There are 2 protein chains.
Amino acid sequence: MPQTGRSGCPINLTLEQLGDRWSLIVIRDVMFGNRRTYGELLERSEEGIASNILADRLKRLTASGLLTRRPDPNHRQKGIYSLTEASIQLVPLLAHMGAWGRRHTRPSRELSVRAELLEKGGAPLWNAFMAELAHLHLGAPRPARSVFAELQAAYEKALAHRAL
Amino acid sequence: MPQTGRSGCPINLTLEQLGDRWSLIVIRDVMFGNRRTYGELLERSEEGIASNILADRLKRLTASGLLTRRPDPNHRQKGIYSLTEASIQLVPLLAHMGAWGRRHTRPSRELSVRAELLEKGGAPLWNAFMAELAHLHLGAPRPARSVFAELQAAYEKALAHRAL
DNA sequence: ACAACTCCTTGCAATACGCAAGTGGAAGGA
DNA sequence: TCCTTCCACTTGCGTATTGCAAGGAGTTGT
């Protein structure tokens, strides 16, 4: 039996949670950019998210179990946001979104590099990345391979190349 | 170089086109439900889309190249909507959305059956389905296997089972 | 004590959404 | 021909969401 408003279709239910212009952007920044606090997410936002929208999305995403928030031991006011098992399993979805966007929109070269790597790596790469996210966010053991570092290095190389 | 408003990230650009609560629902109904006209999409909508929203989305999706509209030869007023190459390539994305929704929301059993088949079939099934959609919507040759019929049969079997 | 920092909140305007009713052209029948 | 029905949308209007700019409250560092 369905739980929410419109219908019990799994695609619809996914859209009801994530189908807006900002939720997946926030998750993307936590996931691929390793932004872990409100301030980082606000200041280093590529798309310039507004502060009230960010606050609202952080609330909603934590309420629906896609993020968790724990206090920063060094700074009583700060919260550190982490991905959950559910949001880590969005990796294949985001990879496909990146792949589709690369083909059917006009992305910038620098910002496409990570999407390209993720696409070419396929499921094995996604699984390695998910294992690493489980380490970074859920305290799982550190895997041998750091997909995060590979993606970041490729991105920075593209940035440097563009800057020349 | 980016083309649109917020950033050139391919994930963001995909969200700018599809990141609302209705666009993917419409595409899903055309794709999996084979609804080809305004009336079919309105009347047989599981989620009860409003007529003005549907009209707006059909306009926007055709404008951005995810649907095409041709007049119905038997009925001058009717338009027949078809998927394009770009929207057919959303099959893996929708399959992943269904898979994620099945795991992390509370979908109804009947409406999950297709998502389950798509998930278990994986990339080979998606490719067969995309070939069939190219036949149904773009006039490509008819493939040997009809994934559409398999999905529909499974759905109707689940419906009948529920009705007992 | 004071200033700077950090996480939000508030006010307000613009846009999007949702419902119900209506419009205008086309098909079909008497 | 004229009338009814159908069909694809549009319009009006109230509500919710979004976006921008400014402000406020708790926290840290000096």
Side-chain angles (χ1 to χ4, degrees), chain A residues 4-7 12-13 15-30 33-64 67-82, chain B residues 4-7 12-13 15-30 33-64 67-82:
Chain A
T4 65
R6 300 200 303 194
S7 90
N12 172 57
L13 291 167
L15 277 172
E16 287 190 20
Q17 278 202 38
L18 302 170
D20 70 87
R21 279 181 195 53
W22 289 112
S23 296
L24 280 175
I25 294 283
V26 171
I27 289 176
R28 180 205 62 183
D29 283 352
V30 176
N34 205 35
R35 320 273 154 81
R36 302 296 291 270
T37 65
Y38 177 91
E40 282 177 1
L41 285 163
L42 187 65
E43 291 302 312
R44 302 172 55 201
S45 166
E46 191 81 33
E47 287 83 13
I49 189 170
S51 62
N52 54 347
I53 307 286
L54 176 59
D56 178 73
R57 288 305 181 280
L58 289 172
K59 254 179 219 161
R60 279 166 50 169
L61 290 170
T62 49
S64 61
L67 292 177
T68 56
R69 182 199 153 118
R70 67 182 150 89
D72 183 337
N74 301 324
H75 200 296
R76 194 181 309 202
Q77 206 172 7
K78 272 189 183 173
I80 299 182
Y81 292 94
S82 299
Chain B
T4 66
R6 301 198 304 193
S7 90
N12 172 57
L13 291 167
L15 277 173
E16 288 190 19
Q17 276 202 39
L18 301 170
D20 70 87
R21 284 191 218 340
W22 289 111
S23 295
L24 280 175
I25 294 283
V26 171
I27 289 175
R28 179 204 65 184
D29 283 352
V30 176
N34 203 36
R35 319 275 153 81
R36 303 297 292 271
T37 66
Y38 177 91
E40 281 177 3
L41 286 163
L42 187 65
E43 291 301 312
R44 302 171 56 201
S45 166
E46 192 80 32
E47 287 85 12
I49 190 170
S51 62
N52 54 346
I53 308 286
L54 176 58
D56 178 72
R57 287 307 180 279
L58 288 173
K59 254 178 219 161
R60 279 168 49 171
L61 290 170
T62 48
S64 62
L67 291 177
T68 55
R69 184 202 151 116
R70 67 182 149 89
D72 184 336
N74 301 324
H75 203 296
R76 195 179 307 200
Q77 209 170 6
K78 273 188 183 173
I80 298 182
Y81 292 92
S82 298

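Quick note on labels: first sequence line is chain A, next is B, and so on, each numbered from 1. All figures in this text were calculated on a predicted structure; none of them were measured in a lab.
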Out of curiosity, [X] [atom1] to [Y] [atom2], how far, rounded to the nearest 0.5 Å?
X       : Y       : atom1 : atom2 : result
A:Ile49 : A:Ile25 : CD1   : CD1   : 8.0 Å
A:Ser82 : A:Arg69 : OG    : CZ    : 11.5 Å
B:Glu43 : B:Tyr38 : CD    : OH    : 9.5 Å
A:Ser7  : A:Leu13 : OG    : CG    : 6.0 Å
A:Thr68 : A:Ile80 : OG1   : CD1   : 10.5 Å

Atom pairs under 3.5 Å, N or O on each side, protein against nucleotides 12-14 of chain C: can you list them with distances?
none

How many Å lie between [atom1] on [X] and [atom2] on [N], as a whole number?
X       : N      : atom1 : atom2 : answer
A:Leu54 : D:dG19 : CG    : P     : 12 Å
A:Leu67 : C:dC7  : CG    : P     : 15 Å
A:Arg35 : C:dC7  : CZ    : P     : 14 Å
A:Ile25 : D:dG19 : CD1   : C1'   : 15 Å
A:Tyr38 : C:dC5  : OH    : P     : 17 Å
A:Arg70 : C:dC7  : CZ    : C1'   : 17 Å
B:Lys78 : D:dC6  : NZ    : C1'   : 9 Å
A:Asn74 : D:dG29 : CG    : C1'   : 14 Å

Inset, instruction - Establish, yes or no, whether the cationic atom of B:Arg28 lies under 6.0 Å from the six-membered ring centre of B:Trp22 and within 45° of the ring axis. - result: no
Inset, instruction - Go through the side-chain N and O atoms of A:Arg60 and A:Ser23 and say whether any donor and acceptor fall under 3.5 Å apart. - result: no
Inset, instruction - Could you encode protein contacts along nucleotides 15-26 of chain C as a string, one character per nucleotide from 5' to 3', using B for base contact, S for sugar-phosphate-only contact and - for no contact, with a heavy-atom cut-off of under 4.0 Å? - result: --SBB-B--BBS
Inset, instruction - Could you pull out the closest heavy-atom pair between A:Leu15 and B:Arg21, with the gap in Å? - result: CD1-O, 4.5 Å
Inset, instruction - From the options A:Ile27, A:Asp56, A:Leu24, select the one residue that forms a side chain to side chain contact (heavy atoms under 4.5 Å, CB included) with A:Leu61. - result: A:Ile27
Legend entry - A:Lys59 side chain near C:dC7 phosphate (N/O to OP1/OP2, under 4.0 Å): no
